[in-house]
Amino acid sequence: MSKELAKSYEAKKYEDEIYKHWEKSGFFQPEINKNAEKSYTIVLPPPNVTGTLHMGHAGMLAYEDVLTRFHRMNNFKTLWLPGTDHAAIATQTKVEKIIKEEGTSRHEMGREKFLDRVRQFAQDSHDTIVNQCKKMGSSLDWSREAYTLDETRERAVNSVFKMMYDDGLIIRGERVINWCPRCHSTLADDEVEYKENKTKLYYFKYSKDFPITIATTRPETKLGDTAVAVNPKDDRYKDFIGKTFEVDFVGLKLNIKIIADRHIEMDFGTGALGVTPAHSMVDWQMAEENNLETIKVINEDGNIHEGFGEYSGLSAKEAQKKVVENLEKAKLIEKVEEIDNNLSLCYRCDTPIEPLPSLQWFIDVNKKLDKFDGKSIKEISVQAVKTGVFGREKINIVPNRFEKTYFNWMENLRDWCISRQIWFGHQVPVWYKDNETYCGITPPEGDGWIRDEATLDTWFSSGLWTFSTLAQKPDDIRIENDKLMIDTDDFRNFHPTQVLETGYDILFFWVARMIIMTTYAIKDIPFQDVYLHGLILDDKGKKMSKSKGNVIDPLDMIPKYGTDATRLSLLIGCTPGTDLKISEEKIESFRNLVNKLWNVSRYILQNANIKSQNNLSNIKIKECTLSDKWILSETISLTKTVSNYIRGYQFSLAGEELRDFTWNKLADWYVEASKFENSSQKEEVLSFVLTTLLKLWHPYIPFVTEIIWKEISDTDLIIESWPSETDFNNEWVKFSEKGISEQFKLIQEIIESIRNARSENKVEPSKKVKAIIYAGDKIDLIKENNILLKSLRTGIEDLEIKENGEKIEGEIHGSIEGIEFYLIGAIDQEKEAERIKKEIANLEKMIEMIKSKLDNKAFVENAPEEIVNAEKEKLSKYKEELNKLK
RNA sequence: GGACGGCUAGCUCAGUUGGUUAGAGCGCUACGUUGACAUCGUAGAGGUCACAAGUUCAAAUCUUGUGUCGUCCACCA
């Protein structure tokens, strides 16, 4: 009857085979639960095809797999949909770096050849990523895999673009945008990063006859100044406001108007700002308000434009040097100060950003739309999280505090620049011919149309991800009744999705944009819940990076400790929205836990005829021992606790409960007890407990549980079902009310107390002793469980149980909950006296505390009665124990 | 400048309506190998819950302030 498992669990022997088996079984596809009423959908945040997955991805896969497996086992029509993101700029930049090392550039290669190269790179990355996802055990439905740049997703992108274009939401215009001179592309506001650095602040006048000294860190841009702005309250400059001066600035003629703007800080520099409309966002706005001329100084390569005399053609840096030199020659510089400044950098290549005016495509986030009752897409997106839209409950962000962050960002959102000048991405679906412009989902008829060269911000396509992935082919997507239709069963079945699980670092980049794009396009929310995880850091709390050499690669950990242990290290100890430190040591300790489960199972399978046993009806409760009933009740409450924690995204707490049960309850107590107790119900009880435990563990550690399961059931997979919570309730009531858990706890405490007494008295572990117990009214309970008291490492060979009796002088003595025990013939007088002294001191301290509490009239009067009574009860119990000890 | 978060045992962190002597894992100390497991077992040490004031019969928990570390947003010419 015994079944043999290996002595320890060697993960890598089994994992790949098990994964293949799952894939073949069809359980990763929602059709397996097709009769289910409710569906449960998560779309995988598509990893960028820029390389390989890291620990952060591993965490994401683990959290989502837990949710997916849990809901699948609970008979939801469950879909976890995989895909990858072309990640426009990121991928192009990466490939550009590679070909640079090969001595060429994208301009030398030409658009089509370069794009072929990028596609090849993306394909290789994709294959690696898919393989890594499988290694992590992710139960993704690969039959539905999507890509942000495939044909179907392109149709979605073009369709939404056209809708927005027709609604006047997408507009083309010349504005100052963030320009990366290296990428040769625009960047959205949130793609700009800031780095602190020291910069020189130059104080000077444009010319000798100009009355105001200005201060700037970018003297070269002053070639394009058309105004000086001062604070209207600033008495120093009040009289100049409105006047215009013609100046000769280092050899160039400028017309400078003095304007007032309340945003100017009087304390900074001289309180006077040289306004350069073409190369500063703020200045551009002032220019609009004051009808100032815009002079472009810096071109898209970061060099000075034609028409600036000796400066033309110089790089910004060179021009700065020359301007400063000329100012010095003219003795116009008053002082140079070193200040802390924030340098704007491109988030992809760290090149300093050059703000400049450029003809680009924007989404107008503030335009009021009739189809949304006069609300803007921004307002709809705020409402979706605040109160709910389109008849849906409000979107719930976990942890809740990020909702505030979301509102703050959304309310301050400015128009979104969606066009990029890179090649890799969705090309803007707009064509020009002579003076005509055509925007359409497919190219226009006729000759001579030229397509707009710009491509779209990568977040435009990923913003459509929850619904675009539910189309199977381009023709599934069409515009109907002013909204986007996805005409598939998948869309009808699986949208909106239940939860979007992702890192808090892309709340704005992605989550917010999905809400904007989805509510606009399909008039529905993309997801009901947002679960945000933290970043995975190294053991010192630093970001992992190759240059620091502190990277822990999941693919190194998996062969070493197993996928299950790697997953646990990401699931236990993590709190929503909070960063998680991880170390190899931690993963190792979870390997030990997995092995413990393996060995408990191994023992149980060796010693009992275990079969899959999902309900309690085969167990004759009357024939159960106390420990049997105890472990059953613990198993049932574990089922409830774990289910509730997972539903509430409390992955860590659920994991800790499972660990505590497995190690501290099942292995340390019940299995030990079962070695000595004779009970006709042992096999049934063990079958039920093991069946339930393996299932409850399965979402966390799918591999090891599935392997052990194979020994229990040859016909089905563990992946199939979750232990029922409701069936248990009725069964459980039958014996839960009798205080099983308190009774067993008492036995545990007596045993621990005896072990403790032996240990403190330095009694040799191998020394057998006689014990006498005065059990009082608990005599039946103690007698019933005398076998446990004798067997569980108490070293008792002869046990006498009486209701009460005389004090026995000179022997080890202990008392707990009114029950007294003596260990005969093992004493070390000194040690025992010391131990009892300690215990007495402790009790006296406790009694003192409770007394002072009860003496406090205010407490007795104000506190709820049950709390006061509990204190009183405790007091008398402690007093009794104290007397006995004395 | 604005906001948010952390500060609990040597380390990593739980602690969800304020109510037993504040918990877990790892580490540490002592002892132990009886056939599931040394990837193990038993026992133990270890905390003024960052600080201060307040509310309350009662505060790790609520309020205010301070310190400190970290993050995000805005951006300074």
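Fair warning: this is a prediction, and the values are worked out from it, not measured in the lab. Just so we're on the same page: letters track the sequence lines, and every chain starts at 1.
Looking at the side chain of Glu760(A), the nearest of the listed nucleotides G44(B), U39(B), G41(B) is G44(B). For Asn595(A), whose side chain is taken as the heavy atoms from C-beta onward, the closest listed nucleotide among C37(B), C31(B), A45(B) is C37(B). Minimum atom distance to the side chain of Phe508(A) is reached by C72(B), of the listed C72(B), U34(B), C76(B). Of the candidate nucleotides A36(B), A43(B), U16(B), A36(B) has the atom lying nearest to any side-chain atom of Glu672(A). When distances run from any side-chain atom of Asn342(A) to the nucleotides C75(B), C37(B), U71(B), the shortest one goes to C75(B).
By the 30° and 60° cut-offs, the orientation of the rings of Tyr206(A) relative to Phe249(A) is perpendicular.
For U12(B), the OP1/OP2 oxygens have a side-chain nitrogen or oxygen of Lys581(A) closer than 4.0 Å. For the pair Asn756(A) and G44(B), the criterion of a side-chain N or O lying under 4.0 Å from OP1 or OP2 is met. Using a 4.0 Å cut-off, some side-chain N or O of Lys7(A) falls inside it from OP1 or OP2 of C37(B).
Rounded to whole Å, the separation between the C1' atoms of C37(B) and A30(B) comes to 22 Å. Using atom C1' as the reference point in both G6(B) and A14(B), the two lie 14 Å apart (nearest Å). Rounded to whole Å, the C1' atom of U29(B) lies 36 Å from the corresponding atom of G67(B). With C1' as the reference atom, G47(B) and G65(B) are 25 Å apart, rounded to whole Å. Between the C1' atoms of A45(B) and C69(B), the separation comes to 30 Å (whole Å). Across the C1' atoms, A53(B) and A59(B) are found 14 Å apart, a figure rounded to whole Å. Remark: the separation of the P atoms in U42(B) and A36(B) is 15 Å, to the nearest Å. Taking atom C1' in both U20(B) and G25(B), one finds a spacing of 24 Å when rounded to whole Å.
By the salt bridge (Lys or Arg N to Asp or Glu O under 4.0 Å) test, Glu334(A) is found to be paired with no residue, residues two or more places apart in sequence or in another chain being considered. Applying the salt bridge (Lys or Arg N to Asp or Glu O under 4.0 Å) criterion to Glu337(A), with sequence neighbours excluded, gives Lys335(A). The salt bridge (Lys or Arg N to Asp or Glu O under 4.0 Å) test applied to Arg236(A) returns Asp234(A), not counting sequence neighbours. In this structure, the side-chain hydrogen bond (donor to acceptor under 3.5 Å, both in side chains) partners of Tyr649(A), at least two apart in sequence or on a different chain, are Asp529(A). Scanning for ring pair (Phe, Tyr, Trp, His ring centres under 6.0 Å) contacts around Phe508(A) gives Trp409(A), with sequence neighbours left out. In this view, Glu656(A) satisfies the salt bridge (Lys or Arg N to Asp or Glu O under 4.0 Å) rule with no residue, not counting sequence neighbours.
Side-chain atoms of Asp189(A) and Asn178(A) include a donor-acceptor pair closer than 3.5 Å. For the 3.5 Å distance criterion, the side chains of Glu832(A) and Asn761(A) qualify, holding a donor opposite an acceptor.
Contact check on Glu764(A) versus Arg758(A) returns no salt bridge, with no Lys/Arg side-chain nitrogen under 4.0 Å from an Asp/Glu carboxylate oxygen. Residues Glu354(A) and Arg218(A) are paired through a salt bridge, judged by an N-O separation under 4.0 Å between the basic side chain and the carboxylate. Electrostatic pairing of Lys378(A) and Asp415(A) does not count as a salt bridge here, judged by no charged N lying under 4.0 Å from a carboxylate O.
Pairs of Watson-Crick or G-U wobble type, with distances under 3.5 Å, assemble into runs of 3 or more in RNA chain B at these ranges: B:1-7 with B:67-73, B:10-13 with B:23-26, B:28-32 with B:40-44, B:50-54 with B:62-66.
Figure legend: Arg414(A) and Trp284(A) shown without cation-pi pairing, the cationic atom not lying both under 6.0 angstrom from the six-membered ring centre and within 45 degrees of its axis. Cation-pi geometry between Lys12(A) and Tyr561(A) is not met: the NZ or CZ atom fails to fall both under 6.0 Å from the ring centre and inside 45° of the normal. In this structure, Arg659(A) forms no cation-pi arrangement with Trp697(A), as its terminal cationic atom is not both closer than 6.0 Å to the ring centre and no more than 45° off the ring axis.
If you check residues 856-863 of chain A against RNA chain B, the residues with a heavy atom closer than 4.0 Å are Asn856(A), Ala858(A), Phe859(A), Asn862(A), Ala863(A), listed by number. Of all the residues in residues 397-414 of chain A, Arg401(A), Lys404(A), Arg414(A) reach under 4.0 Å from RNA chain B with at least one non-hydrogen atom. Of the residues in residues 275-287 of chain A, those placing a heavy atom less than 4.0 Å from an atom of RNA chain B are Val282(A), in numerical order.
Proximity of the aromatic rings of Phe402(A) and Tyr504(A) is defined here by a centroid distance below 6.0 angstrom, and this criterion is met.
To the nearest 0.5 Å, the span separating CD1 on Ile397(A) from OG1 on Thr405(A) amounts to 8.0 Å.
Residues in residues 221-231 of chain A take part in these salt bridge (charged side-chain N to carboxylate O under 4.0 Å, His left out) pairs, two or more places apart or across chains: Lys222(A)-Asp225(A).
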**Fill in**
Heavy-atom contacts, protein to nucleotides 21-30 of chain B, under 4.0 Å, summarised as B (base), S (sugar-phosphate only) or - (none) per nt, yield B--SS-----
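Heavy-atom distances to RNA chain B give each of Thr270(A) and Lys543(A) a nearest nucleotide, and the one nearer the 5′ end belongs to Lys543(A). Where Ile339(A) and Glu10(A) each meet RNA chain B at their nearest nucleotide, the meeting point lying more 5' is that of Glu10(A).
Here Asp660(A) lies out of heavy-atom contact (under 4.0 Å) with every strand. Residue contacts for Arg755(A): at a heavy-atom cut-off of 4.0 Å it reaches the sugar-phosphate backbone alone, with no base atom in range.
For Arg758(A) against U42(B), no side-chain N or O and base N or O form a donor-acceptor pair under 3.5 Å.
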